[in-house]
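Scroll down for the structure; my scribbles are underneath it.
Both ligands and their constituent atoms are indexed starting at 1 by order of listing.
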Amino acid sequence: MNKKITLPTNSSMLSNDFVYGVATASFQIEGGKSSRLPCIWDTFCDTPNKVVDGSNGETACNHFNLWEEDIELIDSLGVDAYRLSISWPRVITESGDLNPEGVAYYINILDALAKKNIKAFVTLYHWDLPQHLEDKGGWLNRDTAYKFRDYADLISKAFGDRVYSYATLNEPFCSAFLGYEVGIHAPGIVGKEFGKKAAHHLLLAHGLAMQVLTKNSPNTLNGIVLNFTPCYPESDSQADIEATSFADDYFNQWYIKPLFDGEYPAILAQLPIENHPEIHEGDMDIITHPLDFLGINFYTRAIYRADKEEHFFQIDPPAPRTDIGWEIYPKAFTELLVSLNEKYSLPPVYITENGAAMADKMVNGSVDDQDRVEYYQAHLNAVHNAIEQGVNVSGYFAWSLMDNFEWAEGYLKRFGIVYVDYDTQERTIKSSGLAYKALITNR
Ligand code: NOJ
């Protein structure tokens with residue numbers, strides 16, 4: 001028997017104003033590599049031992065060719081909105097002009113969504129930096145922030161009024177920390193002195209893009225998408241609590257505090273001077289540009305203990321875990337939303353990603369992922385609980401519409417509510433997709 005996803009009958013998440021959607025990102029689904037410039041993930045995938053299964057984004061889900069069918073699929077799920085990202089190297093040439101073919105590709109998608117009354121939530125940067133910009137230093141080069149502004153300017157003018165919401169960046173933590181500090185994401189740079197510098201240029205890029213989006217596209221919801229992995233101490237000891245608070249500042253608050261308070265967390269003073277970002281006069285004014293919405297991505301929490309050498313040590317996540325090893329702990333979702341709402345004066349919040357990788361099995365033509373249905377049930381409830389405690393949440397997006405290229409994990413981890421057979425490119429809606437659809441359509 002298929003489990004259902006239910007919410008309390010009085011939940012505001014059952015109102016038709018609450019936006020339900022599915023999310024994807026360009027590099028993870030599109031393929032169509034020969035029709036765009038190379039990006040840092042192409043280079044990373046071509047570097048031996050970076051991506052677990054040695055795969056790349058050359059074909060991915062072939063959404064570059066199958067986008068019309070995929071929009072039918074999205075529509076068949078009954079969702080209100082679709083969150084997609086624009087491939088910067090597909091729409092902007094090396095000399096900084098619009099690439100008309102690339103722009104037309106997205107305009108066709110946006111027009112098809114509009115015909116079906118599906119709101120387009122467009123993310124401008126979901127990690128696929130043009131390689132030629134990386135060759136000049138990427139996010140360690142301040143000039144990349146201005147290049148991003150120019151791209152945001154041109155593309156928002158080209159899209160006109162087809163977009164419902166723009167997010168500047170997706171998860172700048174991942175771009176900065178995973179890409180330029182520990183090197184497990186593209187461009188694979190390693191060094192504690194790089195992460196916070198890259199982060200500052202990303203936030204600057206965000207602020208500069210907000211300026212042009214507000215001007216060119218005043219009627220869209222313009223904001224940013226941040227990810228949070230709430231931090232919990234292993235014990236009640238003062239040392240563990242302090243270590244955990246440091247980790248929270250380093251990984252989470254680092255990206256939100258500048259947006260609302262115009263400053264980095266106070267732990268900045270404890271970081272060696274060579275690890276500091278280069279903050280120019282006026283940068284923080286740019287970064288605090290008011291947001292129409294804040295996108296929040298949540299998957300799991302992390303547990304820390306004090307450590308003599310480093311500021312903190314992350315312990316292995318306890319069970320239950322998803323197929324990617326992340327602990328399933330929905331309570332942290334509620335606590336995160338409530339705590340952010342206490343700390344900052346938040347604009348309307350959209351949950352721009354939430355979901356789970358599970359070890360899906362295709363049996364007789366169907367995928368009965370009851371474990372994922374349970375994950376969605378628990379996490380939608382967690383959002384409901386946060387709303388009950390006063391957090392203004394306006395929408396929720398499942399990650400992901402379909403299985404896709406899971407970055408350094410390649411195609412081995414499946415996050416979709418739709419199964420993708422990568423040999424045939426056949427899509428099959430999983431039980432979780434059907435349960436999500438039932439929740440939305442029975443409102
Ligand atoms: C966050 C990222 O935005 C998305 O690209 C990724 O696939 C999911 N998390 C799962 O790791």
TODO: Below 4.0 angstrom from a heavy atom of Glu171, which ligand 1 atoms are there? Numbered from 1 as shown, please.
DONE: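 In order of numbering, the contacting atoms are 1 (C), 2 (C), 3 (O).
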Open item on the list: Looking only at distances, can you tell me whether any N or O atom of Glu406, backbone or side chain, sits closer than 3.5 Å to an N or O atom of ligand 1?
Closed with: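 Yes, at least one N or O pair falls under 3.5 Å.
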Open item on the list: Regarding ligand 1, does Asn404 bring an N or O atom to under 3.5 Å of one of the ligand's N or O atoms?
Closed with: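 No: no nitrogen or oxygen of Asn404 is under 3.5 Å from one in ligand 1.
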At what distance, to the nearest 0.5 angstrom, does [atom1] of [X] lie from [atom2] of [Y]?
| X | Y | atom1 | atom2 | result |
| --- | --- | --- | --- | --- |
| Trp139 | Leu133 | CH2 | CG | 8.5 Å |
| Ile29 | Phe405 | CD1 | CZ | 13.5 Å |
| Arg443 | Asp17 | CZ | CG | 9.0 Å |
| Lys116 | Ile71 | NZ | CD1 | 8.5 Å |

Open item on the list: Which residue and atom name correspond to the protein heavy atom nearest atom 1 (C) of ligand 1, and how close is it?
Closed with: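 Answer, as residue, atom name and distance: Glu353 OE1, 2.9 Å.
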Task: Closest approach of any protein heavy atom to atom 8 (C) of ligand 1, naming residue and atom - done: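 In this structure, atom 8 (C) of ligand 1 has Tyr299 OH, 3.4 Å as its nearest protein heavy atom.
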TODO: Indicate, as side chain, backbone, both or neither, the part of Asn227 found under 4.0 angstrom from ligand 1 when only non-hydrogen atoms are considered.
DONE: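 Contact part for Asn227 vs ligand 1: neither.
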TODO: Classify the contact between Trp326 and ligand 1 as side chain, backbone, both or neither, using a heavy-atom distance cut-off of under 4.0 Å.
DONE: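 For Trp326, the contact with ligand 1 is made by the side chain alone.
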Open item on the list: Using heavy atoms and a 4.0 Å limit, tell me yes or no: is Phe173 in contact with ligand 1?
Closed with: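 Outside the 4.0 Å threshold, so no.
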Open item on the list: Within the structure, is a non-hydrogen atom of His126 found at a distance of less than 4.0 Å from ligand 1?
Closed with: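 Yes.
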- [ ] Please lay out, stage by stage, how Glu181 and Lys196 fare under the test salt bridge (Lys or Arg N to Asp or Glu O under 4.0 Å).
- [x] CA-CA 8 Å; Glu181 189 164 329; Lys196 299 305 189 204; 5.1 Å; no
- [ ] Look at the aromatic rings of Phe159 and Tyr106 and report parallel, tilted or perpendicular, splitting at 30° and 60°.
- [x]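 Judged by the thresholds at 30° and 60°, the geometry between Phe159 and Tyr106 is perpendicular.
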Open item on the list: Does Glu263, at its CD atom, have more than 12 non-hydrogen atoms belonging to other residues, nucleotides or ligands within less than 6.0 Å?
Closed with: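 Correct, the count exceeds 12.
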